[in-house]
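All remarks here apply to the structure that follows.
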Amino acid sequence: MTTHENTAAHADHGEHAHPNYIKVWGILVVLLVVSVCGPMLGIQAVTIITAFGIAVVKAYLVAKNFMHLNIERRFVVYLLLTMLAFMLLLFGGVAPDVMRHSGRNWENIAAKAEIERALAKASGVAEKKPAEPATPQASSAADNYKSVCAMCHGEKGEGNGVAALSMTPKPANFADPAFWQTRDKAHVEKVIREGGPAVGKSPLMAPFGARFNAQEISALADYLMTFKK
Amino acid sequence: MQKPIATTRSMAGLPTGRLAVWWVIASEIVIFGGLLVSYIMHRLGHPEWGGYASHTNTWAGAFNTLVLLSSSLSAVLAHQAAERGDGKKAALLLRLTCLGGATFLGVKALEWSHEIRQGFVLSTNGFWSFYYTAAGLHALHVIAGMIIMLIVSRDASKGRELQRVELIGIYWHFVDIVWIFLFPLLYIAK
């Protein structure tokens with residue numbers, strides 16, 4: 001039984017000549033080294049070629065020499081290529097919506113806010129340096145407000161920042177004296193730290209407890225009061 | 001033990017078992033492909049993700065790439081040995097391949113615990129969600145491959161079912177190829 005099967009399996013590949021596997025492996029390792037060293041030059045085009053171009057070459061070498069796709073039935077190759085083509089189709093169909101954050105009648109506010117927040121943070125701390133996620137920042141409350149909150153709450157705290165245009169509910173208006181009648185500093189600190197939902201407000205007001213430490217939050221709360229008219 | 005007839009047939013011009021493996025891989029391409037393609041489009045739409053990626057450890061990733069490439073070598077050498085009828089050697093080489101898989105997982109475990117201790121978890125942001133999902137799904141495939149390989153190697157060491165050595169090898173190479181793409185996507189592009 002077993003011998004019969006083995007011969008059947010072999011008849012199929014016809015006892016193919018084996019490539020020099022160790023040599024193939026050697027080439028793969030050299031390519032790996034190149035792909036790791038590529039980015040050290042610091043040129044983006046080079047990085048893309050050495051990282052992704054080489055990945056394609058490595059995948060090709062493995063598929064051809066280790067998986068023996070070069071001597072496999074052609075339809076298997078076509079089957080796999082069809083699947084890859086589906087992936088291109090998926091990318092072509094969906095990527096435009098995911099990669100752009102606004103279009104004729106829509107705007108991805110969350111994505112824009114995330115980018116803005118992250119970029120502001122990155123310009124605050126030295127890049128590359130392996131920083132803690134909640135890096136304490138030395139910048140002043142006014143700077144923090146401008147780079148993080150103003151987008152929604154507006155430069156003057158009137159709740160009319162650029163991102164607020166299509167927002168419901170509207171961001172709080174700190175210039176409105178009525179706002180301050182019902183809220184004390186502890187409340188405001190809690191909102192900044194834990195987000196809108198923590199005080200029964202909208203989740204559009206995100207929590208910033210991971211972003212700012214207690215001192216910074218306190219300073220921000222004081223700063224907000226300066227908007228009061 | 002009696003085998004199903006389909007097992008011993010080769011209707012499509014190649015042994016049924018091998019056809020089945022290709023079929024599995026075809027669907028795996030869509031699983032991993034869908035995940036990676038979504039990652040790529042988000043990555044391109046989020047300039048800040050490059051900063052997040054700078055926290056992944058390129059050296060750990062590179063070492064693991066080397067480990068997987070080498071384990072692919074031993075898998076294909078096992079296939080060669082099996083084709084020559086040397087079940088003992090094939091079994092040995094398959095177990096060596098498993099050792100590669102275990103090393104890979106060990107490095108992964110160290111990496112992940114370090115990152116989690118730094119506060120980067122599945123829910124930190126989009127980048128880390130993709131990072132843990134893609135690498136985690138891949139690690140599950142490594143584990144599955146190792147289990148199958150241990151079973152195949154037990155038979156092979158007794159000279160039985162030697163054709164399966166090639167089949168598990170094909171799967172393993174595929175898992176290797178997935179990592180070949182995960183490595184630049186998650187580690188090199190910063």
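So you know, we letter chains A, B, ... as the sequences are listed, proteins then strands, and number each from 1. Please read all numbers here as calculations on a predicted model, not as lab measurements. Side-chain atoms are counted along with the backbone in the values below, which use heavy atoms only and exclude waters and symmetry mates.
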Go through the atoms of [X] and report whether side chain, backbone, both or neither lie under 4.5 Å from a heavy atom of chain B.
{"X": "Phe66(A)", "value": "both"}
{"X": "Leu80(A)", "value": "both"}
{"X": "Ser35(A)", "value": "both"}

Can you find a heavy atom in the side chain of Ser102(A) that is under 4.5 Å from one in the side chain of Asn108(A)?
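No, too far: nothing below the 4.5 Å cut-off.
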Only pairs of heavy atoms separated by less than 4.5 Å count here; which of Ile25(B), Leu185(B), Val178(B), Thr58(B) has the most with chain A?
Leu185(B)
Checked Leu69(B), Leu44(B), Leu19(B) vs chain A; the most non-hydrogen pairs under 4.5 Å come from Leu69(B)
Could you tell me which of Val56(A), Ile48(A), Val24(A), Val33(A) has the largest number of non-hydrogen atom pairs under 4.5 Å with chain B?
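Highest number of pairs under 4.5 Å: Val56(A).
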Relative to chain B, which of Leu28(A), Val36(A), Leu69(A), Val76(A) shows the most heavy atom pairs under 4.5 Å?
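Max contact count across the listed options: Val76(A).
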Please state whether the side chain, the backbone, both or neither of [X] comes within less than 4.5 Å of a heavy atom of chain A.
{"X": "Ala62(B)", "value": "both"}
{"X": "Leu36(B)", "value": "neither"}
{"X": "Tyr187(B)", "value": "neither"}
{"X": "Phe174(B)", "value": "both"}
{"X": "Trp172(B)", "value": "neither"}

Non-hydrogen atoms of Val67(B) and Gly100(B) that approach each other most closely
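For Val67(B) versus Gly100(B), the nearest heavy atoms are CG1-O, 3.2 Å.
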Can we say Arg211(A) and Glu216(A) salt-bridge, meaning some charged N sits less than 4.0 Å from an Asp/Glu carboxylate O?
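A salt bridge is absent here (no side-chain N lies under 4.0 Å from a carboxylate O).
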Kindly assign one of parallel, tilted or perpendicular to the pair His79(B) and His18(A), based on the angle between their ring planes and the thresholds 30° and 60°.
perpendicular
Could you give the distance from OG1 (Thr47(A)) to CD1 (Ile188(B)), rounded to the nearest 0.5 Å?
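Going from the OG1 atom of Thr47(A) to the CD1 atom of Ile188(B) covers 8.5 Å.
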Would you find a donor on one side and an acceptor on the other, under 3.5 Å apart, between the side chain of Asp176(B) and the backbone of Trp179(B)?
no
CA sep, side-chain torsions, deciding dist, call: Thr168(A), Leu204(A), side chain to side chain contact (heavy atoms under 4.5 Å, CB included):
CA-CA 9 Å; Thr168(A) 358; Leu204(A) 284 173; over 6 Å; no
Of the options Ser74(B), Ser70(B), Ser72(B), which is the one that meets Trp25(A) in a side chain to side chain donor-acceptor pair (under 3.5 Å)?
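Among the candidates, only Ser70(B) passes.
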